[in-house]
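The structure appears right after this line, and notes come after that.
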Amino acid sequence: MGLKRRGWLVWITLLALVVTVNCVRWSELFQYGENAGDRLLDPGNDQTQELPLDKSMYFYDGSFDSVYINTNGFVATAEPTAESEYLGKMPASFGMIAALVGDLDTSDGVGKVYYRQDASPALLLRVAEHVTRAFPQDEEAVPVHAVVVTWENVAPHEAPSRGDGPSRTRNTFQLVVASMETASYAILLYPAEGMQFLSTPVGGASEPCQAGFSKGLVKGWFWRATQGPYYRITTRDEASVRELSEATNSGMRGVWVYEIGTYPFFAAVAPVR
């Protein structure tokens, strides 16, 4: 085979890969905002709001009837501790679904955190498509409930300085926790055009943002609390944060899907099998 022909075959193969694995765009996030019926988290830094659930969420081997939405890029299964106890010290001591944890801020009125629970047929159909694409060998996905949390234009929390304002770097990302009758999944979406920073200041240093899942502390021998299981999507390397919008485990770059809990038995957080 001639070099020219082989060269064309290489380019055709690469083009096919690009076409097959598309990047998620901002416009392809699950619908959010006031028109979607979202509630708005109070502006500020390290704000938390409890959300009672219409359908229990499974996380590791537990079942939860409420979750806690936090400015800093996560959803918790218990009221979070002070941010000084988990920023730069992951995994957290409490149950955490970390979409992109960092010291984040919405106090300038530009960044916002939207959240809602949703059981509309249109949304559940999209959820099922994501789960089925990620887990094609599993039984048909039949979601009955979802929690949608969107961090839009959130900025790193920094000491005020001249020039702060709309020009600050900002991130936009989304977490959908979808529950079936006996299982829950996390769908994480990171549009490339919405990811402008990879680290935030923590304790005088720059710490990469982190994504993953932590069960929190569990009681061991003699009721002594020890760190429970956790799963890291990112590492302490900024390159792993950048890959959130450039890579995938589910067939579309910027989209990551994980099984995070099942009933009555659960082994471990699982990406695509």
Side-chain angles (χ1 to χ4, degrees), residues 24 29-32 36-39 41 48-80 91-92 94-101 113-135 138 141-152 172-190 210-216 229-233 244 249-250 252 254-263 266 268-272:
V24 66
L29 296 178
F30 285 79
Q31 184 182 7
Y32 69 91
D38 281 352
R39 298 170 64 182
L41 192 64
T48 299
Q49 178 62 54
E50 183 180 9
L51 176 64
L53 299 177
D54 297 333
K55 168 73 170 66
S56 296
M57 178 191 79
Y58 302 108
F59 188 56
Y60 285 93
D61 57 355
S63 176
F64 299 89
D65 296 324
S66 65
V67 293
Y68 295 79
I69 316 298
N70 188 277
T71 311
N72 286 337
F74 67 86
V75 169
T77 59
E79 189 165 359
F94 52 91
M96 175 190 282
I97 302 172
L100 194 64
V101 170
V113 181
Y114 296 98
Y115 64 96
R116 75 179 184 279
Q117 48 188 328
D118 198 328
S120 64
L123 180 133
L124 295 181
L125 178 60
R126 282 197 64 192
V127 165
E129 290 171 351
H130 278 287
V131 174
T132 299
R133 184 170 60 237
F135 295 87
D138 284 7
V142 184
V144 296
H145 179 267
V147 175
V148 183
V149 187
T150 309
W151 291 264
E152 180 189 58
T172 295
F173 52 95
Q174 191 174 65
L175 165 67
V176 179
V177 179
S179 292
M180 322 294 171
E181 288 297 339
T182 59
S184 291
Y185 293 80
I187 305 170
L188 301 140
L189 302 97
Y190 307 93
Q210 297 189 42
F213 309 93
S214 172
K215 184 178 178 179
Y230 57 91
Y231 182 97
R232 296 182 187 272
I233 303 174
L244 291 174
N249 73 346
S250 69
M252 175 177 284
V255 180
W256 303 76
V257 182
Y258 296 86
E259 185 179 67
I260 60 172
T262 57
Y263 176 85
F266 182 71
V269 168
V272 179

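Note that the structure is a prediction, hence the values are computed from the model and not measured.
- Every pair passing salt bridge (charged side-chain N to carboxylate O under 4.0 Å, His left out) that includes a residue from residues 58-76 is listed here, sequence neighbours excluded: Asp61-Lys215.
- By the ring pair (Phe, Tyr, Trp, His ring centres under 6.0 Å) test, Phe30 pairs with His130, sequence neighbours left out.
- Residues satisfying the ring pair (Phe, Tyr, Trp, His ring centres under 6.0 Å) test with Phe213, not counting sequence neighbours, are Tyr258.
- Looking at residues two or more places apart in sequence or on another chain, you find a side-chain contact (heavy atoms from CB on, under 4.5 Å) between Ala36 and Gln31, Asp38, Arg116.
- For the side chain to side chain donor-acceptor pair (under 3.5 Å) test, residues two or more places apart in sequence or in another chain that qualify with Ser184 are Ser179.
- Every residue meeting the side-chain contact (heavy atoms from CB on, under 4.5 Å) condition with Ser63, not counting sequence neighbours, appears here in chain and number order: Ser56, Tyr58.
- With sequence neighbours left out, the side chain to side chain donor-acceptor pair (under 3.5 Å) criterion links Thr182 to no other residue.
- Between the side chains of Gln49 and Tyr115, no donor-acceptor pair of N or O atoms lies under 3.5 Å.
- Shown here are the ring pair (Phe, Tyr, Trp, His ring centres under 6.0 Å) partners of Tyr230, two or more places apart in sequence or in another chain: there are none.
- Partners of Ala76 under the side-chain contact (heavy atoms from CB on, under 4.5 Å) rule, at least two apart in sequence or in another chain, are Tyr68, Phe74, Pro80, Phe94.
- Taking the side-chain contact (heavy atoms from CB on, under 4.5 Å) definition, one finds that Ala99 meets it with Trp151, Phe173, Leu175, Leu188, sequence neighbours left out.
- A search for side chain to side chain donor-acceptor pair (under 3.5 Å) contacts involving Ser120 returns Asp118, not counting sequence neighbours.
- What you find for Ala134 and Ser250 is that their closest heavy atoms are CB-CB, 3.8 Å.
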